[in-house]
Amino acid sequence: MTKILIHLGLPKTATTSLQHNVLQKLHDQGKINFLGKNLDYCDATGKVTIYNYTGKFIRDAAEEKITLAEARELLSQHFDKDKLNVFSDEGLMIAYPGQKNLPLKQKIENLKKLLEGYDVNIALTLRNPVDYFYSLYVQLYPDFYSQIKALNTFEKYTQKLQYGENMVLQIR
């Protein structure tokens, strides 16, 4: 049976380091079939360089951007039945500010349907919530939080998290 490992890392849990320094290297050595996500983002230019995102269709199916039938066809084309197939993507685990986001539960259900019939293991990388929220705030500040007066300091952001009626990332 074809084996797959889905790595779902919360942002700021060394996901990018794992993708670049472990998973891609194992793929290049022929030890695993790494379907990505392996890309770099240049803060200065805003340019994204994609090294390996062969399995983007997995995320697209989980987020209902393509049909499960389309994604299952792509699985058959890209999976290697003789190796461990690995897909790693932190983006599935979070809601993006200002965008329509499916609930995490729905994304997981879609993954379950997509991967039915395969030998699947899921690895999660987690982080202390306080450290996570601070790091995520710092990362999103230049493009998002700095533009919203009610969230343009970490103090305001934490107050909204603690006492607000809506989740911070769902505020428009």
Side-chain angles (χ1 to χ4, degrees), residues 5-25 34-68 71 86-115 120-172:
L5 173 66
I6 302 288
H7 170 242
L8 301 174
L10 283 172
K12 315 313 278 173
T13 60
T15 302
T16 302
S17 293
L18 285 170
Q19 292 161 342
H20 284 261
N21 301 313
V22 178
L23 300 172
Q24 188 63 50
K25 286 184 179 182
F34 179 47
L35 300 164
K37 175 178 183 183
N38 184 10
L39 49 89
D40 270 332
Y41 175 77
C42 178
D43 289 329
T45 65
K47 182 181 176 191
V48 175
T49 303
I50 300 172
Y51 297 106
N52 180 355
Y53 205 3
T54 306
K56 183 179 183 309
F57 65 90
I58 296 170
R59 178 172 170 176
D60 288 345
E63 293 178 338
E64 298 179 356
K65 293 178 180 172
I66 66 172
T67 67
L68 292 176
V86 179
F87 180 69
S88 174
D89 193 332
E90 69 184 29
L92 281 169
M93 298 295 290
I94 63 171
Y96 289 91
Q99 296 182 17
K100 181 179 177 187
N101 295 283
L102 281 179
L104 180 58
K105 181 178 179 178
Q106 184 62 48
K107 293 179 196 178
I108 299 297
E109 283 297 318
N110 292 340
L111 275 177
K112 182 179 173 183
K113 290 175 190 172
L114 173 64
L115 300 171
V120 179
N121 284 291
I122 295 180
L124 297 172
T125 50
L126 305 172
R127 188 171 181 188
N128 176 309
V130 173
D131 295 337
Y132 164 71
F133 282 117
Y134 179 75
S135 292
L136 187 60
Y137 181 82
V138 169
Q139 181 178 345
L140 294 175
Y141 183 84
D143 297 324
F144 182 67
Y145 294 120
S146 65
Q147 311 300 315
I148 301 172
K149 188 172 175 95
L151 299 172
N152 66 2
T153 69
F154 189 67
E155 183 178 0
K156 292 176 189 177
Y157 167 80
T158 56
Q159 290 294 314
K160 198 69 141 169
L161 268 177
Q162 289 179 317
Y163 305 110
E165 293 178 18
N166 297 319
M167 289 290 297
V168 167
L169 295 178
Q170 294 175 352
I171 293 173
R172 291 198 170 103

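Keep in mind the model is a prediction, meaning the values are calculated, not measured.
Note that NZ of K37 is 9.0 Å distant from CD1 of I50, once rounded to the nearest 0.5 Å. In this structure, OG1 on T49 lies 8.5 Å from CG on L39, to the nearest 0.5 angstrom. Put simply, CG on L104 and CD on E109 are 10.5 Å apart, with the number rounded to the nearest 0.5 Å. Between the CG atom of N21 and the CD atom of Q19 there is a distance of 10.0 Å, given to the nearest 0.5 Å. Going from atom NZ of K100 over to atom CD of E64 covers 8.5 Å, rounded to the nearest 0.5 Å. The distance from atom CD1 of I58 to atom CD1 of I66, rounded to the nearest 0.5 Å, is 9.5 Å.
N121 places no side-chain N or O within donor-acceptor distance of the main-chain N or O of A123, the cut-off being under 3.5 Å. Between the side chain of K107 and the backbone N or O of M93, no donor-acceptor pair lies under 3.5 Å. S146 places a side-chain N or O within 3.5 Å of a backbone atom of Y141 that can act as its donor or acceptor partner. Under the 3.5 Å distance criterion, the side-chain polar atoms of D89 are left unmatched by any main-chain donor or acceptor of R59. A donor-acceptor contact shorter than 3.5 Å is absent between the side chain of H20 and the backbone of K25.
Minimum heavy-atom separation, I148 to F144: CD1-CZ, 3.6 Å. Looking at every heavy atom in both residues, L35 comes nearest to F87 through O-CD1, 3.9 Å. In plain terms, the two heavy atoms of H7 and S88 that are nearest each other are ND1-OG, 2.7 Å. Considering all non-hydrogen atoms of both residues, L114 and A71 come closest at CD1-CB, 3.4 Å. The two residues A61 and L68 make their nearest non-hydrogen contact at CB-CD2, 4.1 Å.
Contact of the L23 side chain with the N38 side chain is not registered, since no non-hydrogen atoms from C-beta on lie closer than 4.5 Å. In this structure the side chain of E90 never reaches within 4.5 angstrom of the side chain of T13, judged on heavy atoms. Under the 4.5 Å side-chain criterion, counting only non-hydrogen atoms from C-beta, L8 is in contact with I108. Residues L92 and L111 meet the side-chain proximity criterion, which asks for heavy atoms closer than 4.5 Å.
For F154, the side-chain contact (heavy atoms from CB on, under 4.5 Å) partners at least two apart in sequence or on another chain are Y134, Y137, Y157, T158.
For residues 123-137, no residue pair satisfies the salt bridge (charged side-chain N to carboxylate O under 4.0 Å, His left out) rule, not counting sequence neighbours.
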